[in-house]
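When a residue number appears, it is its place in the shown sequence, counting from 1. Every number for a ligand or one of its atoms is a count from 1 in the order of the listing.
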Amino acid sequence: MDGRGYLSILFHCAPLLLLLLFVYHCTLAGGQLSPITGDGGGQGRFQTYIVHVQEQTGASNLSVQHSHESFLPNATLDSGEPRIIYSYRHAISGFAAKLTPQDLLAVRAKNGFLLAQADDNTFLFTTYTPVFLALKHWGGLWPESSRGEGIIIGIIDAGIHPHHPSFDGTGMPEPPIKWRGRCDLLPPDSCNNKLIGAAAFKQGRRKPSPVDNSGHGTVTASISAGSFVPGAEVLGNAKGTASGTAPRAHLAIYRAYFGDQGTAVDLLAAVDQAISDGVDVLSMSIGQEPKPLYESSVAMASFSAIRNNIFPCSAAGNFGPMPSILSNDAPWCLTVGATTVDRRIRATVRLGNGMEMDGESAFQPDNFDSNLMLPLVFPGDRGSPEALNCQSCSLKRSAVAGKIVLCVTDQYNNLERSDTVKSAGGAAMILINRLPDGHTTNADPHSLPASHLSNADGQKIVAYIRTTVTPTARLIFKKTQFGARPTPAVAAFSSRGPSLNNGGILKPDVVAPGVNILAAWPTEVGPNPAGNSSSTFNFASGTSMATPHVSGIAAMLKKLHPEWSPAAIKSAIMTTAYTRDGHGNAIADQTGGGNASYFAMGSGQVNPAKASDPGLVYDLKWQDYVPYLCGLGYSNESVAAIVKEETDCSKIKKIKAEELNYPSMALTMRAGESKTIERRVTNVGEEKSRYEKKTEEPEGVSIDVEPERLQFSNLGQTKTFRVKFTAKSGSSRKGEVAEGSLTWISGCYTVRSSISISFT
Ligand SMILES: *[C@@H]1O[C@H](CO)[C@@H](O)[C@H](O)[C@H]1NC(C)=O
Ligand SMILES: *[C@@H]1O[C@H](CO)[C@@H](O)[C@H](O)[C@H]1NC(C)=O
Ligand SMILES: *[C@@H]1O[C@H](CO)[C@@H](O)[C@H](O)[C@H]1NC(C)=O
Ligand SMILES: *[C@@H]1O[C@H](CO)[C@@H](O)[C@H](O)[C@H]1NC(C)=O
Ligand SMILES: *[C@@H]1O[C@H](CO)[C@@H](O)[C@H](O)[C@H]1NC(C)=O
């Protein structure tokens, strides 16, 4: 008996499962779309399109709407319903409308038309389990003054459950004068100086409710800017004071999700309103499947954000560990991946042969006898795929009653697994990861004694079961423990580069805590996943949870440096990120347990304390992206739709992605080739300062920097330098990737750029 059959199931099923997930999302959202696509009159099929048109400068609101209507054959459908769902003013120049394919042809022929795309699904980037927040371990270094006071974070998400202690406004200052948003759509007494605005967008309907009924929006808002809440816990675990990353920042809520999926037209409407209201930071734990920048609503709306000096922060997605399925990869967005924190809610498994392995579970029963050896069974071993995952109704009572049941996770419905085992009479459950889930485990609030283990540990258990006549195990619950190693490690689910859409910009940009994060949970909207209706905090995992950490950091940087551009803030966060863990080791990847590549962690783990004082920044104005966009080969119309200015790429000196003044560097090279790129840094550290270069050369590539020293005499002064990369000649290294770095060092400042070379 060997483990091969089982291994290959896990291996082959994994990509398939991911694909299925996509399909699942699509089918579901297709269902949601039906009210829009149905025309009710039988005169041809209407679909919702987003239509980008040339900006009309200086137009009044009314004439913008009129101008949008002038693109349409008529203003209303047979039913009397208006064709225009949204007429956008800030997020894009254009509108969302219901059109037949024939209508669309007519629209395309009009003067001023740029491009159109069918409305598309967008997702929330959470895994099933809501999370925990342990900021004191990594973000506690902020001076009192810089907790984001006076800064408004706009949360584009599933709404908010307002009456949670995380959104208490006691002691908060009033919103700044520039704030133009409203808060009257929430129930009375919901709004205060913490929660200053809330709006909702659902296919153009009048006044939908911004109240969260999924939990996701409440979770992300609390991570970003929740107030201090003493005594937070989940089922008695992880007790302590919860706080958002920027606890003095204001929250403005824009709901575009009424379930796990939403659509692009609502997302654009939410950002449109946020820009109009005057937010400073956009926190977007959402996204679409990877797509070209001119089709990505997040990319297009985020460009408008940077033009309005608003910082866009977005999730990389949970499509890992497969390469190159990554969302929100525009160079003007900060793209965030997810890492672990060092807290575990330990549930240890001890096998009959004495082997021990540490897993996790938020349910830690006091009355469970940890000395009790129980029979261990694996109903899915050579059984049905349903039994492998312990899906409902797949387990026979006679086979599992009173036993510990081994189940394989699908990472999305772990709690259903425990319910199935419990209802079939199982005594306990061991949940093991598929191969691609690697070492990423969840502290889930299971309904019976359970432990979630890595794939490596799972394989040991499977081998033990197959080679033992009467396999047994016991579970030992060890409550909340800190100091787990290695920490941080990139979560297996965190989306990986290389991006296929941005011409080679290295993504994600940074990683931040996003596994088992403690966050506010709205008990009033229904039983929480802990099944405990009085627990107001819960654990959640996903790049959805990593993103609001970084949007909170961006809020604090905005407070400290109001004059910094979005690109400068982003540079500060990237060049100060750390690439080693607390023990000096390379940051690990939970997929295989090896070192995380730059395609998993980008510039590294965010370092809030250092980001406030980066020394130098790689700055960009919005105009600097135009030569880059033209260089991608986009049409004049696509570029115009993104930047909201008429553009003639034939008159612009195009640049390659590697030439954009980005804080990381990614190049494609052939053996023997050499390439030189230019970068420009701005002094934001000490007036008079001198920086020396330090390089780590990627294997087989030499790096020459010219000049080798940068001398500054003023703040705001910029210096240009050139980096020459020379790849050794010799045999082809096609498909290989080599990594290195360039760091400018001056006294206490280290300004680091990750360098990634892909050989072609
Ligand atoms: C456009 O509408 C916004 C509110 O929707 C209002 O504040 C603004 O004054 C209007 N602008 C014009 C030019 O009518
Ligand atoms: C508007 O156009 C649609 C299709 O082009 C047509 O079916 C409908 O009757 C028109 N509505 C009005 C009010 O003319
Ligand atoms: C539910 O949570 C509350 C608060 O965390 C706790 O006091 C209570 O014991 C929990 N109830 C159950 C049934 O676990
Ligand atoms: C991981 O990183 C460490 C520290 O940089 C290095 O010594 C080690 O060789 C790396 N391991 C692999 C497999 O690349
Ligand atoms: C952009 O417009 C100019 C002027 O109309 C034209 O010459 C050029 O070919 C266009 N470029 C692209 C990429 O469409």
One should read off an interatomic distance between Asp358 CG and Asp457 CG, to the nearest 0.5 angstrom, of 8.0 Å
Side chains of Tyr628 and Leu293, heavy atoms from C-beta outward: is any pair under 4.5 Å?
yes
Min side-chain heavy-atom separation Pro486-Asn585 under 4.5 Å
no
Do Asp589 and Arg496 make a side-chain contact, defined as non-hydrogen atoms from C-beta onward lying under 4.5 Å apart?
yes
Who's touching ligand 4 if we go heavy atoms under 4.0 Å?
Arg580, Ala586, Asn595
Please tell me if the side chains of Met574 and Ser664 come closer than 4.5 Å, counting only heavy atoms from C-beta onward.
yes
Should you measure from each heavy atom of Asn636, which atoms of ligand 5 turn up under 4.0 Å away?
1 (C), 2 (O), 3 (C), 8 (C), 10 (C), 11 (N), 12 (C), 14 (O)
For ligand 5, which atoms sit closer than 4.0 Å to a heavy atom of Asp648?
1 (C), 2 (O), 3 (C), 4 (C)
Do we see a donor-acceptor contact under 3.5 Å between the side chains of Thr647 and Asn636?
no
Atoms of ligand 5 close to Ser650 [distance to a heavy atom under 4.0 angstrom, numbered from 1]:
3 (C), 7 (O)
Look at the aromatic rings of Phe303 and Tyr625 and report parallel, tilted or perpendicular, splitting at 30° and 60°.
perpendicular
